[in-house]
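Take a look at the structure below.
First listed ligand is number 1; within each ligand, the first listed atom is number 1.
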Amino acid sequence: MVMPRPLVAGNWKMNGLRADGVALSRAVAAIDNVDCDVLICPPATLLTEIAASIAGSPVALGAQDCHAEAKGAHTGDVSAEMLKDAGCRFVIVGHSERRANHGETDAQVRAKAEAAHRAGLVAVVCLGETGQERDEGKTIAVVTRQLGESVPAAATAANTVIAYEPVWAIGTGRTPTLAEIAEVHGRIRAELSARFRDGAEIRILYGGSVNARNAAEILRISDVNGALVGGASLDAQSFLAICRSAV
Ligand code: PGA
């Protein structure tokens, strides 16, 4: 079995105007000698400009969401094909903020991941339990359901990345224990291996309050194949330190 190469992804969320965003992308693109793949996901308005600013660097470009359709009467939406055309290689789908703020269901998330595949993008499919679900002992049940219903049948290690992000850990400075992360990632790995031919090689990222101090120990957990980083990805030094923690 080939060990997946780690992926460290920065999710900028709704942050960044042109000047700051391009400067941040340039600082990240200066990275070299890291043992991981590096991805930044700026807001849609900056994609084209940042595609140019990171061209020729080892850093890949991704978007934060896409519509399931390729084109049509969907005011305000952006299709996976448009993202590909703007220079993206990846798109995040099913982030908990989309699930919560826009009521996205597992079926909609799966349709978006299928759209990503149709357009030739890698789908980063996000999963994770709320604090209440964890307190009620439902973490494994929720994550297993989301995995089963949000990940397309045609997922492969080349076109899909899973991101486990406990909702209560996002932006809070709180993280699960290393054992709790290991338990969920182990379960996700077992499900992926049972369902997909190369499921053992599909990358599983951990996300939720990853920072330069806790990244190394989180990234050493088996079946943690990288990180999806929000707040700490807005600071080039923190994000680069997290990338350097990946081995
Ligand atoms: P955070 O966000 O690192 O700020 O907790 C992670 C995410 O939402 O992807």
Side-chain angles (χ1 to χ4, degrees), residues 6-16 20-21 24-25 28 36-44 46-47 59-66 83 88 90-104 109 112-113 116 122-131 133-134 139 142-143 146-147 150-151 160-178 180-181 184-185 188 203-219 221 224-246:
L7 170 67
V8 176
N11 171 13
W12 294 8
K13 309 191 179 184
M14 197 171 71
N15 294 290
D20 292 352
L24 176 57
S25 73
V28 173
C36 65
D37 292 338
V38 179
L39 167 67
I40 53 175
C41 300
L46 300 184
L47 290 173
V59 177
L61 185 66
Q64 301 171 13
D65 178 48
C66 67
L83 298 174
C88 290
F90 291 76
V91 60
I92 298 169
V93 295
H95 190 280
S96 67
E97 287 153 15
R98 304 268 340 156
R99 291 178 185 261
N101 299 348
H102 299 269
E104 290 186 9
V109 173
K112 290 178 178 215
V122 179
V124 180
V125 183
C126 300
L127 324 163
E129 81 286 1
T130 64
E133 287 163 341
R134 176 162 284 270
T139 298
V142 168
V143 168
Q146 291 176 332
L147 192 67
S150 309
V151 179
T160 302
V161 173
I162 306 299
Y164 168 57
E165 300 204 297
V167 177
W168 53 274
I170 294 176
T172 59
R174 292 167 55 216
T175 56
T177 65
L178 301 181
E180 286 168 339
I181 297 174
V184 178
H185 278 244
I188 293 172
R203 292 187 277 201
I204 310 171
L205 313 185
Y206 168 77
S209 295
V210 175
N211 58 43
R213 290 176 305 286
N214 63 19
E217 58 181 10
I218 291 173
L219 290 167
I221 302 172
V224 172
N225 312 116
L228 181 53
V229 184
S233 73
L234 296 173
D235 177 78
Q237 293 321 312
S238 302
F239 186 63
L240 292 174
I242 296 167
C243 295
R244 281 188 220 101
S245 310

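- Side chain of N11 to main chain of G230: no donor-acceptor pair is present (N/O by atom type, distance under 3.5 Å, no hydrogens or angles).
- Here is the list of ligand 1 atoms found below 4.0 Å of a heavy atom in L228: 9 (O).
- Among protein heavy atoms, atom 4 (O) of ligand 1 sits closest to G231 N, 2.8 Å.
- Of the heavy atoms in C126, none comes closer than 4.0 Å to ligand 1.
- In terms of polar-atom proximity, defined here as any N/O pair under 3.5 Å, A232 makes no such contact with ligand 1.
- Remark: distances from the non-hydrogen atoms of A169 to ligand 1 include one below 4.0 Å.
- One finds the CG atom of L228 at 8.0 Å from the CD1 atom of I170 (value rounded to the nearest 0.5 Å).
- Considering backbone and side-chain atoms alike, S209 places an N or O below 3.5 Å from some N or O of ligand 1.
- Under the 4.0 angstrom criterion for non-hydrogen atoms, G207 is not in contact with ligand 1.
- Geometrically, ligand 1 and I170 share no nitrogen or oxygen pair separated by less than 3.5 Å.
- Atoms of ligand 1 found under 4.0 Å from any heavy atom of G208 (numbered from 1 in listed order, with element): 5 (O).
- In the vicinity of G171, heavy-atom distances shorter than 4.0 Å reach the ligand 1 atoms 1 (P), 4 (O), 5 (O).
- Residues forming a side chain to side chain donor-acceptor pair (under 3.5 Å) with N214 (at least two apart in sequence, or on another chain): none.
- With hydrogens left out, the protein atom closest to atom 3 (O) of ligand 1 is G230 N, 2.8 Å, a heavy atom.
- Rounding to the nearest 0.5 Å gives a distance of 8.0 Å between CD of E217 and CD1 of I181.
- Scanning the protein heavy atoms around atom 7 (C) of ligand 1, the nearest turns out to be E165 OE2, 3.1 Å.
- Each of V161, I92, V109 was checked for a side chain to side chain contact (heavy atoms under 4.5 Å, CB included) with V125, and the lone residue meeting it is V109.
- Judged purely by atom type and a 3.5 angstrom limit, S150 has no side-chain atom pairing as donor or acceptor with the backbone of L147.
- A donor-acceptor pair under 3.5 Å is absent between the side-chain atoms of H102 and the main chain of E104, judged by distance alone.
- At least one donor-acceptor pair closer than 3.5 Å links the side chain of S209 to the backbone N or O of A169.
- Residue N11 has at least one heavy-atom neighbour below 4.0 Å for each of these atoms of ligand 1: 9 (O).
- Short contacts between ligand 1 and H95, defined as distances under 4.0 Å to a heavy atom of the residue, involve ligand atoms 7 (C), 8 (O), 9 (O).
- Counting only distance, with no hydrogens or angles, the side chain of Q64 and the backbone of C41 share a donor-acceptor pair below 3.5 Å.
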